[in-house]
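Let me begin by presenting the structure, written as structure tokens, before commenting on it.
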Amino acid sequence: MMYALVSGAAAMACWVVGLFFFRFWKQTSDRLFQIFAFAFWILSVERILPTVLKLSDEPRTFVYLIRLLAFILILVGILVKNRGTKA
């Protein structure tokens with residue numbers, strides 16, 4: 001029961017952080033904020049899935065693949081931001 005509570009709180013926090021990044025993206029049109037918003041929303045889903053699907057430890061590896069996708073998305077966002085155009 002405590003795991004479900006903590007997972008729900010972490011998922012909600014990730015969702016709210018994603019909303020902040022989405023708002024910053026709408027204000028600035030900076031692609032980094034958009035990518036971060038999607039990455040945090042993916043992390044939110046990753047926190048909810050084991051609880052909703054009632055997974056034991058064995059089939060939980062695909063959940064880590066979802067987390068890996070979110071972190072790769074963050075790295076891509078950073079690389080895109082730092083890829084400066086030379087004038």
Side-chain angles (χ1 to χ4, degrees):
M1 185 67 172
M2 184 60 92
Y3 178 77
L5 178 72
V6 172
S7 289
M12 184 190 65
C14 287
W15 187 257
V16 169
V17 170
L19 285 175
F20 276 113
F21 279 122
F22 187 73
R23 186 182 70 173
F24 295 147
W25 171 69
K26 292 295 262 185
Q27 290 174 352
T28 65
S29 297
D30 191 354
R31 192 166 187 91
L32 179 70
F33 292 137
Q34 181 186 27
I35 292 172
F36 270 43
F38 286 127
F40 275 98
W41 288 335
I42 290 171
L43 286 173
S44 174
V45 169
E46 178 268 333
R47 297 301 288 175
I48 293 173
L49 276 180
T51 305
V52 170
L53 298 178
K54 294 181 176 73
L55 296 175
S56 63
D57 289 337
E58 191 66 31
R60 210 179 264 195
T61 55
F62 82 92
V63 175
Y64 290 111
L65 292 175
I66 296 171
R67 188 180 298 174
L68 178 66
L69 172 70
F71 288 135
I72 288 173
L73 197 59
I74 289 172
L75 286 174
V76 166
I78 291 170
L79 290 174
V80 165
K81 179 69 175 179
N82 288 328
R83 184 192 66 194
T85 59
K86 296 181 181 180

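All of these numbers come straight from a predicted model, not from anything done at the bench.
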Which pairs count as salt bridge (charged side-chain N to carboxylate O under 4.0 Å, His left out) when at least one residue sits in residues 23-34, sequence neighbours excluded?
Asp30-Lys81

Students often mix this up, so state it plainly: with edges at 30° and 60°, are the rings of Phe21 and Phe24 parallel, tilted or perpendicular?
perpendicular

Is there a path of hydrophobic side-chain contacts, each under 4.5 Å between heavy atoms of I/L/V/M/F/W/Y residues, joining Ile78 to Phe22?
yes

Single-linkage hydrophobic cluster Val63~Val6, side-chain heavy atoms < 4.5 angstrom
no

Residue of the set Ile74, Leu73, Leu75 for which side-chain contact (heavy atoms from CB on, under 4.5 Å) holds with Phe71:
Ile74

Without placing hydrogens or testing angles, list every side-chain donor-acceptor pair under 3.5 Å for residues 39-49, not counting sequence neighbours.
residue: Trp41; atom: NE1; partner: Trp15; partner atom: O; Å: 3.3
residue: Ser44; atom: OG; partner: Ala11; partner atom: O; Å: 3.1
residue: Glu46; atom: OE2; partner: Arg67; partner atom: NE; Å: 3.2
residue: Glu46; atom: OE2; partner: Arg67; partner atom: NH2; Å: 2.6

Would you mind listing every salt bridge (charged side-chain N to carboxylate O under 4.0 Å, His left out) that reaches into residues 6-21, with sequence neighbours excluded?
none

